[in-house]
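Have a look at the structure below before the remarks.
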Amino acid sequence: MDIVLGLQWGDEGKGKFIDLISENYDITARFNGGSNAGHSIERNGRRITLKMIPSGIFMKGVQNVIGTGTVLDPVSFKKEILNLQVFDNTVQPENNVIISLKAHFVLPTHKLLDVFMEESPDYTTIGTTKNGIAQAYSNKILRQNVRVGDMFAPDFKSRVQHILERDYKMLAAEGMSLPSLEEISNEFFEAIDFLKNFNCTETEIYLNAALGEGKKILAEGSQATMLDIDHGTYPYVTSSSTIAAGASSGLGVSPKKIGEIFGVAKAYCTRVGNGAFPTELFDEFGEELRIKGNEFGSNTGRPRRTGWLDLPALKYAVMINGVTQLVLTKADVLSGLKSVAVCIHYELEDGTIETNAGTLPENARPVFKWLTGWDADFSVIKDSAALPTELKDFLSFLEAELEIPVGYLSTGPGREEILKMI
Ligand code: GDP
Ligand code: IMO
Ligand code: MG
């Protein structure tokens, strides 16, 4: 089993890369997160953003697993499937999406609670996607949640109804203005009926059996290392395990079965939501990068914060995941600049230098190295040898610092805009 995961704060271009390489696999499998993900794929000049559906969905013959470590919102999933069928009517998700019986549900009140907690002065505002992700995962950990497999039980409806009513009581007491309970529960149970058309099974058995038959699995990370619940910039993180080890636990596949670990990173950094971002640019150039890179959340449309590449954070992410190949995206966005900055280390107040860092004190000072920029028309570059020398130097610099090869260089959002480097 190989893994693709994000090395920064999400939106590195995982979806685009997976859509492309899934042709080498029999199965793609999401192992964490839920509809907070937004994985954009461009096909024939048209674009779709997948939230819950794995990015191998367009590849004929590939099965797409929604694994045990994910949280599934049936209402959002139904909308996503209907939207997918409008985008491409040749896709038959009922035949090639497989859902874990052990994946947890995101209930309608989880989303309301997410909104409430984000807006209430009594809680830390994280800047979430308001998809109820933390609330579903926390109820899972509390052992109070319902799972996909429960939808076949005769008492499912009453169990869900009980949770919804309990949460409503709490939210109403807090003074939140709420939609009609009847309306949201009807919408939820209609989506459950829709979900029952899909193949729901013990995906860990399915995946291990597939590996036993020599089939190839690609695990698809959502969010990214710096948003990991344990190893990210807590509390400004998501609520799941986004790292390579999370693929193993989220899918029920032994770490012994892991092969290649593709770490996807942009040639600069972005972040959406609150939390530390030491290399953030607040000037006009930061805004220029946002516009040129189209840095607006695929999921929520929020403008992404932009900044220079953060090497200490990237080294940390490579270490945590055991990345074997770097997939560098968006080098095209930096094209045309005279020079390009990379944060090479942090200097702490007492003069200490940090070159590998997941969490930094507020007052750490990023120290930048300026490299010569590149200018290229990527539409005509079909071979890595034809890349400008300055970009080759930039890639060699990253390879030397991170001690891993750049396996792929993505040069645009389109499917074909990628160069295989090794
Ligand atoms: P994901 O969440 O990691 O799948 O990334 P998103 O899809 O949320 O965001 C990445 C954005 O960058 C999308 O709009 C992609 O179409 C786009 N993209 C991906 N790779 C490249 C690239 O190499 N160059 C440019 N210009 N855009 C890219
Ligand atoms: P993909 O898979 C970028 C961020 C949110 C917020 C924090 C917690 O497209 O890379 P949550 O809704 O998960 O409770 O929000 O995490 N976040 C993402 N940022 N890309 C994502 O996914 C994200 N998923 C969550 O903005 O800061
Ligand atoms: Mg995204």
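As the structure lists them, so they are numbered: ligands from 1, and atoms in each ligand from 1. Everything numeric here is computed off the predicted structure, so don't read it as measured data.
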Exercise. Could you tell me whether the side chain of Lys292 and the main chain of Ser335 form a donor-acceptor pair under 3.5 Å?
Key: yes
Considering only protein heavy atoms, which is closest to [atom], and at what distance to one decimal place?
atom                    : value
atom 12 (O) of ligand 2 : Thr129 OG1, 2.6 Å
atom 13 (O) of ligand 2 : Thr238 OG1, 2.6 Å
atom 7 (C) of ligand 2  : Val237 O, 3.8 Å

I'd like to know if [X] contacts ligand 2, where contact means a heavy-atom distance under 4.0 Å to any ligand atom.
X      : result
Asn299 : no
Ser298 : no
Tyr236 : no

Quiz item: Just wondering, do Ile99 and Phe77 contact through their side chains at under 4.5 Å, heavy atoms?
Solution: yes
Distance only, no hydrogens: is a donor on one side chain within 3.5 Å (strictly under) of an acceptor on the other, for [X] and [Y]?
X      : Y      : answer
Glu260 : Thr324 : yes
Asp393 : Thr372 : no
Lys130 : Thr300 : no
Ser55  : Asp19  : no

Quiz item: Hey, does Asp11 come in under 3.5 Å of ligand 2, counting only N/O atoms on both sides?
Solution: yes
Quiz item: Which heavy atom in Ala224 sits nearest to a heavy atom in Trp9, and how many Å separate them?
Solution: CB-C, 4.0 Å
Practice problem: Please report the closest heavy-atom contact between Ile381 and Ala376, naming both atoms and the distance. | Solution: CD1-CB, 4.0 Å
Quiz item: Excluding waters, which protein N, O or S atoms are within less than 2.8 Å of the Mg ion (ligand 3)?
Solution: Asp11 OD1, Gly38 O
Could you pull out, from [options], the option with a heavy atom nearest to [atom]?
atom                    : options                       : result
atom 17 (N) of ligand 2 : Asn36, Asn274, Leu50, Leu227  : Leu227
atom 23 (C) of ligand 2 : Gln223, Lys14, Arg304, Arg302 : Gln223
atom 5 (C) of ligand 2  : Gly127, Ser40, Gly273         : Gly127
atom 27 (O) of ligand 2 : Thr49, Val272, Thr128         : Val272

Quiz item: So, are Glu295 and Lys266 salt-bridged, with charged N and O less than 4.0 Å apart?
Solution: yes
Quiz item: Can you pull the residues with any heavy atom under 4.0 Å from ligand 1?
Solution: Asp11, Glu12, Gly13, Lys14, Gly15, Lys16, Gly38, His39, Ser40, Arg47, Ser298, Arg304, Thr329, Lys330, Asp332, Val333, Ser410, Thr411, Gly412, Pro413
Exercise. Could you point out which residue of Cys200, Pro54, Ser100 forms a side chain to side chain contact (heavy atoms under 4.5 Å, CB included) with Ile66?
Key: Pro54
Exercise. Assess whether salt bridge (charged side-chain N to carboxylate O under 4.0 Å, His left out) is satisfied between Asp73 and Lys51, documenting all intermediate values.
Key: CA-CA 10 Å; Asp73 173 352; Lys51 295 167 134 223; over 6 Å; no
